[in-house]
Number of protein chains: 2
Amino acid sequence: MQNRNNLSTLSLAILGLISQRPMSGYDLRKVFTTTPMGHFSSSPGAIYPALKRLEADNLVAGEIEGKNTLRPRRVYTLTKMGKERLVQRLSEPVTSEDIIWRMDDLILRFPFIGNILGLEKTLHFLKVLLQQIEAYIPSLQEHLDNMKDESSLYGAFAMQHGIETYQAHARWARRVIDQLQDKL
Amino acid sequence: MQNRNNLSTLSLAILGLISQRPMSGYDLRKVFTTTPMGHFSSSPGAIYPALKRLEADNLVAGEIEGKNTLRPRRVYTLTKMGKERLVQRLSEPVTSEDIIWRMDDLILRFPFIGNILGLEKTLHFLKVLLQQIEAYIPSLQEHLDNMKDESSLYGAFAMQHGIETYQAHARWARRVIDQLQDKL
DNA sequence: TGAGACATGTAATCGGTTACATGATTCC
DNA sequence: GGAATCATGTAACCGATTACATGTCTCA
């Protein structure tokens, strides 16, 4: 089995974490349960099969640590192909569809882009992200305006929530851009 | 087949929309594609099977409109059981797990709670929501503080993003509470 | 000696995604 | 006549959830 061509969000999280240091399935579960890292299942039924798939695809390599002890750990490392696919996944352009449908994925990508692709790429990522968000907000605003007549009070509040959430994303991006720009 | 006991987010969206007016699968798809209502698949492969399941569970009833025309529509109505289950689903208490894992679901519930359960229940919902968010933010802040040492610059920014997103939710909830309170 | 953390897995089920498939109606 | 919209579906695949299953090690 080889070459599933797209990395799911969970696979991305796993590859990203393993790229920072080799980890076992248990280690990954611990990260997912004890930190607010994305919001991943952390159930063994999700992560062990995911690791198996990544290994079958040759993106990670498992090595048994403590072979002859009674409690061995299978520790995974990024392969060369794994690194390539991770870099490729992180390099994908930020589209308006991402903003609408996959904001979580974008936020997960951010720290990995920083750590792996470096400062300049991160700034570019944030600038495009910001630009896409700023382009999306007016269409939400328009929806809200059209809604005001319909006397759907609660629907309007919900729309307002959406708009404010995106505004919060935008403010965050602007501030991070400012702070990173100083480092250049 | 009967009695799957929990309504998925998609089922909730469908029941909620149908409760406002009877709708066909195509109508539902249109809502999902043309409005920023939650972020649902809107693919026929998701919604038609979902409607079938809800009908098998006796939560909606489909009736063919335009029987003898060449382009009939199957229009679904909420059944009594469907209404009950919807009310029950909307009445579930807001837990800290919801805040962490299912924020989308909560925001989807909000307008339906407003329209179906009424003003008082909505206020209660928002107050508990706000309280849970306010209880959660400090733990995120703590995580961020512990992170500062580790020189994981980008990770810290990502955490900051999480905190600010929850703060935005909290601000929204506070403002809506204020505005609804005036209506009492 | 028992609780809790360490450690890895499988099996059944369920439902979402993608892609395919079909045909009618409306409007230009 | 052709494009867009109306309208409903199926089939293959994939992966997440839930629950089950097993055993070790450490520390109080």
Side-chain angles (χ1 to χ4, degrees), chain A residues 1-15 22-34 38-57 59-60 62-76 97 101-102 104-105, chain B residues 1-15 22-34 38-57 59-60 62-76 97 101-102 104-105:
Chain A
M1 194 130 343
Q2 49 182 350
N3 244 31
R4 294 170 191 84
N5 355 351
N6 46 355
L7 296 174
S8 70
T9 304
L10 177 58
S11 298
L12 168 61
I14 291 174
L15 290 189
M23 282 179 143
S24 67
Y26 191 81
D27 291 335
L28 289 163
R29 290 186 64 203
K30 237 187 341 180
V31 173
F32 295 149
T33 43
T34 64
H39 291 313
F40 292 100
S41 52
S42 84
S43 75
I47 116 96
Y48 289 105
L51 281 168
K52 285 268 167 74
R53 284 194 300 274
L54 291 172
E55 187 163 38
D57 286 354
L59 303 182
V60 300
E63 203 171 344
I64 296 169
E65 193 178 81
K67 258 189 176 66
N68 30 16
T69 66
L70 281 166
R71 199 170 61 187
R73 293 155 39 84
R74 183 172 295 272
V75 178
Y76 292 90
E97 281 74 34
W101 300 96
R102 287 175 293 274
D104 288 358
D105 195 279
Chain B
M1 195 131 343
Q2 50 181 347
N3 243 32
R4 294 170 192 85
N5 354 350
N6 45 354
L7 296 175
S8 70
T9 304
L10 177 60
S11 298
L12 168 60
I14 291 174
L15 291 189
M23 282 179 144
S24 67
Y26 191 80
D27 291 335
L28 289 163
R29 289 187 64 203
K30 236 185 344 180
V31 173
F32 295 149
T33 44
T34 65
H39 291 312
F40 292 101
S41 50
S42 83
S43 74
I47 115 98
Y48 289 105
L51 281 168
K52 285 267 166 74
R53 286 193 299 274
L54 291 171
E55 188 164 37
D57 287 353
L59 304 181
V60 300
E63 202 171 344
I64 296 169
E65 193 178 79
K67 259 190 177 66
N68 31 17
T69 67
L70 281 165
R71 199 168 61 188
R73 294 155 37 83
R74 183 173 294 271
V75 178
Y76 292 90
E97 281 74 34
W101 300 95
R102 287 176 292 274
D104 287 358
D105 195 280

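We name chains A, B, ... by the order of the sequence lines, and we start the count at 1 in each one.
- The CG atom of A:D27 sits 11.0 Å away from atom CZ of A:F32, with the distance rounded to the nearest 0.5 Å.
- Once rounded to the nearest 0.5 Å, the distance linking CZ of B:R102 with CD of B:E97 reads 7.0 Å.
- The shortest distance between the side-chain N/O atoms of A:Y26 and the OP1/OP2 oxygens of C:dC6 is below 4.0 Å.
- Remark: A:L10 CG to A:D105 CG distance equals 11.0 Å, nearest 0.5 Å.
- Under the rule for a ring-ring contact (aromatic ring centres under 6.0 Å, His included), A:Y48 has no partner lying at least two apart in sequence or in another chain.
- Here the CD1-OG distance, from B:I47 to B:S24, works out to 8.0 Å after rounding to the nearest 0.5 Å.
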Discussion item. The test is side chain to side chain contact (heavy atoms under 4.5 Å, CB included); show your working for B:L54 and B:I14 and say whether it passes.
Written reply: CA-CA 9 Å; B:L54 291 171; B:I14 291 174; 3.7 Å; yes
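- Taking CE of A:M23 as the reference point, atom CZ of A:R29 lies at 13.5 Å (rounded to 0.5 Å).
- The distance between atom CG of B:L7 and atom C1' of C:dG15, rounded to the nearest whole Å, is 14 Å.
- In the region residues 41-49 of chain A, proximity to DNA chain C at under 4.0 angstrom, judged on heavy atoms, holds for A:P44, A:G45, A:Y48.
- Taking B:Y26 as the reference, nothing meets the ring-ring contact (aromatic ring centres under 6.0 Å, His included) condition, with sequence neighbours excluded.
- Applying the 4.0 Å criterion to OP1 and OP2 of C:dC14, one finds that B:S8 has every side-chain N and O outside that range.
- Residues passing the side chain to side chain contact (heavy atoms under 4.5 Å, CB included) test with B:T33 are B:S42, sequence neighbours excluded.
- Residue A:R73 places none of its side-chain N or O atoms closer than 4.0 Å to OP1 or OP2 of C:dC6.
- Straight-line distance from the CZ atom of A:F40 to the C1' atom of D:dA16: 12 Å, rounded to whole Å.
- Taking the side chain as every heavy atom from C-beta outward, B:L28 and B:L51 approach each other to under 4.5 Å.
- Taking atom CG of residue B:L10 and atom P of nucleotide D:dT17, one finds them 16 Å apart after rounding to whole Å.
- At whole-Å resolution of the value, CD in B:E65 and C1' in D:dT8 are 15 Å apart.
- Contact annotation: A:R74 side-chain N/O to C:dT8 OP1/OP2 distance is not under 4.0 Å.
- In this entry the distance linking CG of B:D27 with C1' of D:dC6 reads 10 Å, nearest Å.
- B:L7 contributes atom CG, which lies 7.0 Å from atom CG of B:L12 (distance to the nearest 0.5 angstrom).
- Atom CD of A:E55 and atom P of C:dG9 are 9 Å apart (whole Å).
- Rounded to whole Å, atom P of C:dT18 lies 11 Å from atom CH2 of A:W101.
- Axis orientation changes by 30° from one end of the helix from C:dT1-D:dA28 to C:dC28-D:dG1 to the other, with each end axis drawn from 5 pairs and the value rounded to 10°.
- Between A:K52 atom NZ and C:dA11 atom P there is a gap of 11 Å when expressed in whole angstrom units.
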Show each protein N/O and nucleotides 23-26 of chain C N/O combination with a separation under 3.5 Å, one pair to a line.
residue: C:dA24; atom: N3; partner: B:R71; partner atom: NH1; Å: 3.4
residue: C:dT25; atom: O4'; partner: B:R71; partner atom: NH1; Å: 3.1

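- Side-chain contact between A:L59 and A:R53 is absent, with no heavy-atom pair separated by less than 4.5 Å.
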